[in-house]
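Okay, structure first, notes after.
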Number of protein chains: 2
Amino acid sequence: MAAVVAPDGLVRSSIYEVLRQRFVTGRMAPGSTLSTRSVALELGTSQMPVREALGRLAAEGAVEIRSKRRIVVPRMTVQRFEDLLRCRELLEPEAAVAALDYIDAACLARLELIDEAIGIALANNDVDRYMQENYNFHFTIYRSSPCSTMSQLIETLWLQFGPYMRVVYDSMHTVLLVDQHQLAVSALRAKDAEKLRGAIRADIRDGMGLIGVNSFGTGS
Amino acid sequence: MAAVVAPDGLVRSSIYEVLRQRFVTGRMAPGSTLSTRSVALELGTSQMPVREALGRLAAEGAVEIRSKRRIVVPRMTVQRFEDLLRCRELLEPEAAVAALDYIDAACLARLELIDEAIGIALANNDVDRYMQENYNFHFTIYRSSPCSTMSQLIETLWLQFGPYMRVVYDSMHTVLLVDQHQLAVSALRAKDAEKLRGAIRADIRDGMGLIGVNSFGTGS
DNA sequence: GTCAAGAATCTGAGATCTCAGATAGAACGA
DNA sequence: TCGTTCTATCTGAGATCTCAGATTCTTGAC
């Protein structure tokens, strides 16, 4: 990859953004390791900003600084999965409702465009694209509200289960995934808070619910 | 302060811990600035681990890397306050309920000890001690559950409103604060989930509710 | 006395150096 | 051929150097 060119102070955030995207869209395999040097080499910077970006990701639970001299993408455990699921179910429906008053026609149009892309990705079994657009769909909604702290918390959750969801999706054919987003869009259009809560909840359960307990790795 | 002595890899976390405690207990004034050099000098290390600790605090919203060359403790705004309050009300009651099955007699005893300390701090108008023990009370409960992600999210919230709560408490006499913790303890003892939810919600509303909108700074 | 221009200082950020611990692979002995 | 040990390499972490931008203080002109 080309060197990250950014005028002072932005190198770090650029690197963080690049890595964050990889996590959210599941391009980081659970159990795989990272090194500051290799990422720095790949992105054409020194270790420094990479260290800071990885430090932040570690704080958010996306990576784990394993005892000594090893940065790994943590494997999922039943415990952690349930923990994450519970947090998502608590926060995301409310974040969507909080955004209800701020979704305008332009935003709705954008959401439908994204949903279309999701449909195509599902048909083509394009997991990469699906995860990217699914992320876009949810955060286009959440970030419409002025509750930036809540969006931030939710982002942390996605960062953690992204790598794992990818493993799950890869192990099945994407046509099995039902597109629940239409419900959410119509609830947003109708400004129906309760219906919106239900739609988001259904989407979360649908995406994460198809995971059997035996889907989990050894958790080592 | 004495130099932070720690064998490899722990200097950074030590510094983070020290700073985190200061935020949670409100020893960082909103609007005040920090510099990596001054903190490094104070703690007897180089700038490096301080940078990483501050970077993490910035990611958690506790400090703000203001445009260029300035790290400040952000002032509170009405918007942000409501955002934080909403997140607390969503997460904390559930975190307490999640801990319900894991609170044993020893833990209850510890909670009552903390509550005693809170009573004394309130009587002595000791804001420092009050905030410290109030933090201990809540997180003794939350961290009893295996939902570490949820506790983590809540920690982020406390980090953000800590500095601000201190300002509020300082501007009033602490005897005005009602100690709502007894209710929570008895709900824990009775294993009554609904009562516990109510107690935590009451405690949050009680602590944050006495804040008039005019309590907020200019937000500059 | 007031205000503006310039210099000195401060500060965050990136790069580089170094070190210690950990891992993996090679080599040697049984 | 297998197992143990030793070494070479890798990696995270702290320290130090440097730079550019920003702030602040001084100074000088009006």
Side-chain angles (χ1 to χ4, degrees), chain A residues 1-20 23 28-29 31-75 218 220, chain B residues 1-20 23 28-29 31-75 218 220:
Chain A
M1 179 178 288
V4 176
V5 277
D8 188 63
L10 289 184
V11 176
R12 173 177 50 182
S13 6
S14 303
I15 292 173
Y16 174 77
E17 269 315 305
V18 169
L19 293 178
R20 190 181 63 78
F23 276 89
M28 305 299 300
S32 64
T33 65
L34 286 160
S35 88
T36 57
R37 276 172 240 260
S38 61
V39 176
L41 192 68
E42 179 197 0
L43 300 181
T45 64
S46 75
Q47 295 174 244
M48 185 72 37
V50 177
R51 268 166 64 176
E52 299 196 291
L54 285 175
R56 177 168 173 183
L57 288 168
E60 295 176 307
V63 298
E64 206 174 288
I65 315 269
R66 190 73 59 92
S67 59
K68 295 215 172 283
R69 324 290 157 191
R70 204 134 205 97
I71 299 175
V72 305
V73 182
R75 293 181 195 283
T218 58
S220 74
Chain B
M1 179 177 289
V4 176
V5 278
D8 189 63
L10 290 184
V11 176
R12 172 176 50 182
S13 6
S14 302
I15 291 173
Y16 175 77
E17 270 313 306
V18 169
L19 293 178
R20 189 180 64 78
F23 276 88
M28 306 299 299
S32 64
T33 65
L34 285 161
S35 89
T36 57
R37 275 172 240 260
S38 61
V39 175
L41 193 67
E42 180 197 0
L43 299 182
T45 64
S46 74
Q47 296 172 244
M48 184 73 37
V50 176
R51 268 166 64 176
E52 298 196 291
L54 284 175
R56 177 168 171 183
L57 287 168
E60 294 176 306
V63 300
E64 207 174 286
I65 315 271
R66 189 74 60 90
S67 58
K68 296 215 174 283
R69 323 291 157 191
R70 204 137 204 94
I71 298 175
V72 304
V73 182
R75 293 182 196 279
T218 59
S220 75

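All chains are named by letter (A, B, ...) in the order of the sequence lines, taking the proteins before the strands, and each is independently numbered beginning at 1. Below, each value reflects all heavy atoms present in this structure, side chains not excepted, and no hydrogens, waters or symmetry copies.
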Interatomic distance, OG@B:S13 vs CZ@B:R20, rounded to 0.5 Å, equals 11.5 Å
By nearest atom, which of the nucleotides C:dG14, C:dG12, D:dA13 is closest to the A:R37 side chain?
D:dA13
Look at the side chain of B:R51 and the base of C:dG14, then say whether one donor and one acceptor between them are separated by less than 3.5 Å.
yes
Rounded to whole Å, the CE-P distance (A:M48 to D:dC17) equals 14 Å
Rounded to the nearest Å, what distance is computed from the CD atom of residue A:E64 to the C1' atom of nucleotide D:dT11?
17 Å
Regarding B:L54, tell me which of base, sugar-phosphate or nothing describes its non-hydrogen contacts under 4.0 Å with the strands shown.
nothing
Does D:dA13 have OP1 or OP2 sitting under 4.0 Å from an N or O in the side chain of B:R12?
yes
Give the rounded distance in Å between these two atoms: CD of A:Q47 and P of C:dA15.
10 Å
Rounded to whole angstrom units, what separation is found between the CD atom of B:E52 and the P atom of D:dA15?
11 Å
A:P49 has its side chain closest, among D:dG12, C:dA15, D:dA15, to C:dA15
Output for pair (B:Q47 CD, B:S38 OG), nearest 0.5 Å, gives 9.5 Å
Heavy atoms, side chains only, cut-off 4.5 Å: are B:M28 and B:L34 in contact?
yes
How long is the gap from CG on B:L57 to CG on B:L19, to the nearest 0.5 Å?
6.0 Å
Base of D:dG21 paired with side chain of B:R70 (donor-acceptor, under 3.5 Å)
no
From CD1 of B:I65 over to C1' of D:dG21, roughly how many Å is that when rounded to an integer?
15 Å
State, yes or no, whether a side-chain contact exists between B:M48 and A:M48 at a heavy-atom distance under 4.5 Å.
yes
Value in whole Å for how far the C1' atom of C:dA13 lies from CD1 of B:I71:
10 Å
Spacing of A:I15 atom CD1 relative to C:dA15 atom C1', expressed in whole Å:
12 Å
Is there a side-chain contact between B:T36 and the phosphate of C:dG12, meaning an N or O under 4.0 Å from OP1 or OP2?
yes
Look at the side chain of B:S35 and decide which nucleotide, out of C:dG12, C:dA13, D:dG12, has an atom nearest to it.
C:dG12
Atom CZ of B:R66 to atom C1' of C:dT11: distance rounded to whole Å?
15 Å
